[in-house]
Amino acid sequence: MLSAIQRLGGAMFTPVLLFPFVGIMVGLTIVLKNPIFVGDLANPDGLYYQILFIIEEGAWTLFRNMPLLFAVGLPIGLAKTAHARAVLVVMVSYLTFNYFVHAMGLQWGAYFDVDFSQSIGGVSGLTTEKS
């Protein structure tokens with residue numbers, strides 16, 4: 001019984017390993033966007049702020065998808081082979097990529113002729129992901 005509880009605890013530890021890094025990244029980006037610390041660099045129209053916004057959005061990925069992270073991470077942690085952890089890495093990478101692209105679209109969409117006021121398709125530059 002004790003070994004089963006220890007194994008479950010180890011499995012829950014797998015997704016938690018990622019939290020310190022992304023927590024530090026979220027904290028740093030919030031501090032580095034604060035006008036008290038950086039003054040005029042905290043202008044939302046400036047490139048410095050926009051890049052930090054994109055990094056912050058990517059860092060929030062794990063916290064916004066915590067239920068999914070644990071739903072995938074627990075079975076991976078309980079798996080007998082270490083190769084299953086690649087699934088978790090790929091899932092987190094895919095989600096982070098989507099958050100980065102979304103943040104870049106919000107910041108620089110007009111530069112790439114993306115018009116968020118129009119409907120998807122046509123000349124708006126927007127599309128949906130089909131599975």
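Heavy-atom basis, side chains included; hydrogens, waters and symmetry copies ignored.
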Original post:
So how far is it from Ile54 CD1 to Leu106 CG, rounded to the nearest 0.5 Å?
Top reply: 9.0 Å
**OP:** Check ring-ring contact (aromatic ring centres under 6.0 Å, His included) between Phe100 and all other residues, then give those that pass, not counting sequence neighbours.
**Re:** none
Original post:
Nearest 0.5 Å, what's the CG-CZ distance between Leu18 and Phe63?
Top reply: 9.5 Å
Original post:
Going only through I, L, V, M, F, W and Y residues with side-chain contacts under 4.5 Å, is there a path from Leu41 to Phe37?
Top reply: yes
Original post:
Taking only residues at least two apart or on different chains, which pairs with a member in residues 46-59 satisfy salt bridge (Lys or Arg N to Asp or Glu O under 4.0 Å)?
Top reply: Lys33-Glu56, Glu57-Arg64
Original post:
Can you tell if the side chain of Met104 reaches within under 4.5 Å of the side chain of Tyr111, non-hydrogen atoms only?
Top reply: no
**OP:** Work out which heavy atom in Asn34 is nearest to a heavy atom in Ala42; give both atom names and the distance.
**Re:** C-CB, 4.1 Å
Original post:
Looking at CD1 of Ile51 and CG of Leu32, how far apart are the two atoms once the value is rounded to the nearest 0.5 Å?
Top reply: 12.5 Å
Original post:
When Ile, Leu, Val, Met, Phe, Trp and Tyr are grouped by side-chain heavy atoms lying under 4.5 Å apart, directly or through other members, which residues fall in the same group as Val101?
Top reply: Phe97
Original post:
Val38 and Phe53: same hydrophobic cluster, using ILVMFWY side-chain contacts below 4.5 Å?
Top reply: no
**OP:** List the steps, then state whether side chain to side chain contact (heavy atoms under 4.5 Å, CB included) holds for Thr61 with Val92.
**Re:** CA-CA 8 Å; Thr61 301; Val92 170; 5.5 Å; no
**OP:** Provide the full list of side-chain hydrogen bond (donor to acceptor under 3.5 Å, both in side chains) pairs with a residue in residues 40-55, sequence neighbours left out, each pair given once.
**Re:** Gln50-Trp108
Original post:
Would Val22 and Trp60 show up in the same hydrophobic cluster when neighbours are defined by side-chain heavy atoms closer than 4.5 Å?
Top reply: yes
Subject >> Residues forming a side-chain contact (heavy atoms from CB on, under 4.5 Å) with Met91, sequence neighbours excluded >> reply: Leu68, Leu69, Val72, Leu88, Leu95
Original post:
With sequence neighbours excluded, what pairs up with Ala71 under the side-chain contact (heavy atoms from CB on, under 4.5 Å) test?
Top reply: none
Original post:
What do you reckon, is CZ of Phe21 surrounded by more than 12 foreign heavy atoms closer than 6.0 Å?
Top reply: no
Atom pairs and distances, side-chain donor-acceptor, residues 23-31, under 3.5 Å, sequence neighbours left out:
unit_1 : atom_1 : unit_2 : atom_2 : d
Thr29  : OG1    : Met25  : O      : 3.0
Thr29  : OG1    : Val26  : O      : 2.9

Original post:
If Ile, Leu, Val, Met, Phe, Trp and Tyr residues are connected whenever their side-chain heavy atoms lie under 4.5 Å apart, and connections chain through other members, are Phe19 and Ile55 in the same group?
Top reply: yes
